[in-house]
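Presented below is the structure to which this report refers.
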Number of protein chains: 2
Amino acid sequence: MVRLTTTSYVVLGLLGLRGPSTSYDLKRAVGHSVGYFWPFPHAQLYSEPRRLAEAGLLDVTTENGGRRRQTFSLTEEGRRALQEWLAVPETEPMQVRDVAELKLFFSELASDEDILSLAREQVRQHQERLTTYESMQERFGSVDSLASRLIPLELGIAMERAALEFWQNLAARMEQPDQPRGAAE
Amino acid sequence: MVRLTTTSYVVLGLLGLRGPSTSYDLKRAVGHSVGYFWPFPHAQLYSEPRRLAEAGLLDVTTENGGRRRQTFSLTEEGRRALQEWLAVPETEPMQVRDVAELKLFFSELASDEDILSLAREQVRQHQERLTTYESMQERFGSVDSLASRLIPLELGIAMERAALEFWQNLAARMEQPDQPRGAAE
DNA sequence: GGTCACATAGTATGAAACATAACGTCCGTA
DNA sequence: TACGGACGTTATGTTTCATACTATGTGACC
């Protein structure tokens with residue numbers, strides 16, 4: 001039995017939401033949905049379905065005639081695996097990977113100016129992403145069938161807002177260096 | 001010239017903060033610092049310093065006599081590489097990887113009960129982590145020399161709080177299903 | 001003084017993830 | 001018909017990750 005990773009479940013899940021799809025379909029679907037909060041390289045959307053098909057979780061239909069392309073769809077077993085996964089309340093902790101945060105951790109080794117411009121750049125970046133997310137919410141918010149797919153976006157927005165506030169705050173603190181120092185406050 | 005990855009800079013940075021250290025020292029240091037927000041397996045703390053040493057960014061001192069152990073320290077070149085990295089205002093976007101969020105994205109395929117218990121479990125998890133982080137902040141907050149190292153923790157706390165609120169909110173919404181539906185709100 | 005548990009210290013291995021480049025095919029248009 | 005560009009797919013090498021294994025020193029207790 002193959003090991004199912006998170007990648008596997010993304011593929012299974014997308015096939016569950018969309019019905020039978022080719023790798024290319026999945027690639028595009030990822031591009032404007034999960035891709036926003038769980039990025040992965042398109043090459044995996046070709047190799048992973050093959051793995052899953054070998055494991056009996058997907059069916060493959062090869063269209064011969066014209067361009068070679070394979071359509072994947074969930075087997076009963078695949079659907080079951082997906083549902084079992086969904087039914088387990090996740091305990092894997094959320095992970096935040098942020099290179100800027102790392103640089104901040106090492107800030108003792110950098111100059112104050114470096115850290116200040118880091119903070120300012122982060123403010124810009126987070127503002128921009130927040131705008132993007134919020135406009136996505138507006139654009140798709142009216143499409144009723146997509147409503148539940150937009151809920152995770154709320155979380156993304158909340159995270160962006162939290163990060164934005166943090167960096168704004170930090171920049172502000174650094175701009176008036178006559179303040180009391182220390183991390184707690 | 002070797003490619004320097006984020007992992008490389010974590011090693012360089014830790015050596016910068018701590019001074020000459022063995023892989024094992026680094027491993028422990030990671031355990032109670034960066035490891036909280038940038039986890040990686042200890043095996044890399046053995047292989048990565050070797051790579052960096054070969055590239056001339058680290059010096060190696062082998063203690064012969066007793067247990068074999070190697071102490072690594074920054075070379076001038078290593079310190080320079082680190083400082084150059086720190087001086088670049090990061091544009092790499094923050095990444096949040098949260099399997100629970102993924103499950104939520106696929107929630108159309110799951111039952112309401114599944115999602116509700118997912119949300120409740122998330123609330124528990126985030127509450128717990130928030131408590132851990134806050135107690136860390138208290139414990140180390142008084143140690144003046146560590147103050148700047150605690151700043152990233154604030155960000156971690158802010159993120160945890162945002163996530164906690166989101167899941168609490170979601171759970172609350174689901175517990176009274178007579179509410180108006182939709183993602184925006 | 002032996003042996004047990006435990007912290008210390010390092011290595012090995014294989015799978016999965018990631019980035020990127022290269023490859024091929026179809027279609028419109030000039 | 002030849003070219004550019006969008007459409008699809010594969011290949012490749014590296015990095016990361018997880019896990020298990022090996023081995024050494026230390027103190028405690030019998």
Side-chain angles (χ1 to χ4, degrees), chain A residues 1-12 14 20-32 34-35 37-55 57-58 60-72 91-93 95-97 99 102, chain B residues 1-12 14 18 20-32 34-35 37-55 58 60-72 92-93 95-99 102:
Chain A
M1 189 55 188
V2 272
R3 234 184 78 100
L4 296 182
T5 68
T6 306
T7 303
S8 316
Y9 290 111
V10 172
V11 170
L12 292 174
L14 283 173
S21 316
T22 68
S23 288
Y24 192 67
D25 295 333
L26 295 178
K27 179 185 152 185
R28 277 183 314 174
V30 162
H32 54 72
V34 270
F37 59 91
W38 195 286
F40 53 95
H42 70 277
Q44 273 176 266
L45 294 171
Y46 288 87
S47 52
E48 189 62 25
R50 267 199 295 274
R51 264 191 72 222
L52 296 175
E54 273 164 36
L57 302 177
L58 301 184
V60 198
T61 324
T62 308
E63 272 171 53
N64 40 13
R67 181 176 305 192
R68 92 217 108 135
R69 61 210 306 259
Q70 298 182 310
T71 303
F72 299 94
T91 56
E92 205 46 38
Q95 272 190 28
V96 178
R97 297 193 154 227
V99 181
L102 260 190
Chain B
M1 188 56 188
V2 274
R3 235 185 77 101
L4 296 182
T5 69
T6 306
T7 304
S8 316
Y9 290 110
V10 172
V11 170
L12 293 175
L14 284 173
R18 302 176 33 88
S21 316
T22 68
S23 289
Y24 191 68
D25 295 333
L26 295 178
K27 178 186 154 185
R28 276 183 315 174
V30 162
H32 55 73
V34 271
F37 59 91
W38 195 285
F40 52 95
H42 74 276
Q44 273 176 266
L45 295 172
Y46 287 88
S47 52
E48 189 61 26
R50 268 199 294 271
R51 264 191 72 222
L52 297 174
E54 274 164 36
L58 300 185
V60 198
T61 325
T62 307
E63 271 172 54
N64 39 14
R67 183 177 304 194
R68 87 218 114 133
R69 62 210 306 261
Q70 298 182 309
T71 303
F72 299 94
E92 206 46 37
Q95 274 190 26
V96 178
R97 296 196 153 227
D98 183 0
V99 181
L102 260 190

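Residue numbers start from 1 in every chain, and the chains themselves are labelled A, B, ... in the order their sequence lines are given, proteins ahead of strands. Since the model is a prediction, treat every value here as computed from it, not as a measurement.
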Could you give the [atom1]-to-[atom2] distance, from [X] to [N], as a whole number of Å?
X        : N       : atom1 : atom2 : result
Arg51(A) : dG14(C) : CZ    : P     : 17 Å
Gln70(A) : dT9(D)  : CD    : P     : 8 Å
Phe72(A) : dG8(D)  : CZ    : C1'   : 13 Å
Lys27(B) : dA9(C)  : NZ    : P     : 9 Å
Glu48(A) : dT9(D)  : CD    : C1'   : 16 Å
Phe40(A) : dT16(D) : CZ    : C1'   : 17 Å
Leu4(A)  : dA15(C) : CG    : C1'   : 14 Å
Leu26(A) : dT10(D) : CG    : P     : 13 Å

| field | Closest-nucleotide ordering on DNA chain C, the 5'-leading residue of Asp25(B) and Arg97(B) | value | Asp25(B)

| field | Along DNA chain C (nearest heavy atom to each residue), the more 5'-positioned of Gln95(B) and Thr22(B) | value |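 It is Thr22(B), whose closest nucleotide lies nearer the 5' terminus.
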
Output yes when at least one side-chain N/O atom of [X] is less than 4.0 Å from OP1 or OP2 of [N], else no.
X        : N       : value
Thr7(A)  : dA17(C) : yes
Arg50(B) : dT11(C) : yes
Arg3(B)  : dG13(D) : no
Ser23(B) : dA9(C)  : no
Ser47(B) : dT11(C) : no
Arg28(A) : dG8(D)  : no
Tyr46(B) : dG10(C) : yes

| message | Ignoring hydrogens and geometry beyond distance, is the side chain of His42(B) in donor-acceptor contact with the base of dT11(C) at under 3.5 Å? | response | yes

Between [options], which nucleotide has the shortest distance from any of its atoms to the side chain of [X]?
X        : options                  : result
Arg69(B) : dA19(C), dT10(D), dA9(C) : dA9(C)
Tyr24(A) : dG8(D), dA12(C), dC18(C) : dG8(D)
Gln44(B) : dC17(D), dT20(C), dT9(D) : dC17(D)

| field | Under 3.5 Å side-chain donor-acceptor pair for Arg18(B) and Ser21(B) | value | yes

| From NZ (Lys27(B)) to CZ (Phe40(B)), nearest 0.5 Å | 13.0 Å

| task | Please round to the nearest 0.5 Å and tell me the distance separating atom CG of Leu26(A) and atom CG of Leu14(A). | result |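 Separation between the atoms: 6.0 Å.
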
| Hey, mind stepping through Val99(A) and Tyr9(B) against side chain to side chain contact (heavy atoms under 4.5 Å, CB included) and telling me if it holds? | CA-CA 10 Å; Val99(A) 181; Tyr9(B) 290 110; over 6 Å; no

| message | I'd like to know whether Glu48(A) forms a salt bridge (charged side-chain N to carboxylate O under 4.0 Å, His left out) with Arg51(A), so could you lay out the CA-CA distance, the side-chain angles of the two residues, the decisive distance to 0.1 Å, and finally the verdict. | response | CA-CA 5 Å; Glu48(A) 189 62 25; Arg51(A) 264 191 72 222; 3.0 Å; yes

| said: On a heavy-atom basis, which atom in Pro20(B) and which in Thr71(B) lie closest, and how many Å separate them? | reply: CB-CG2, 3.8 Å

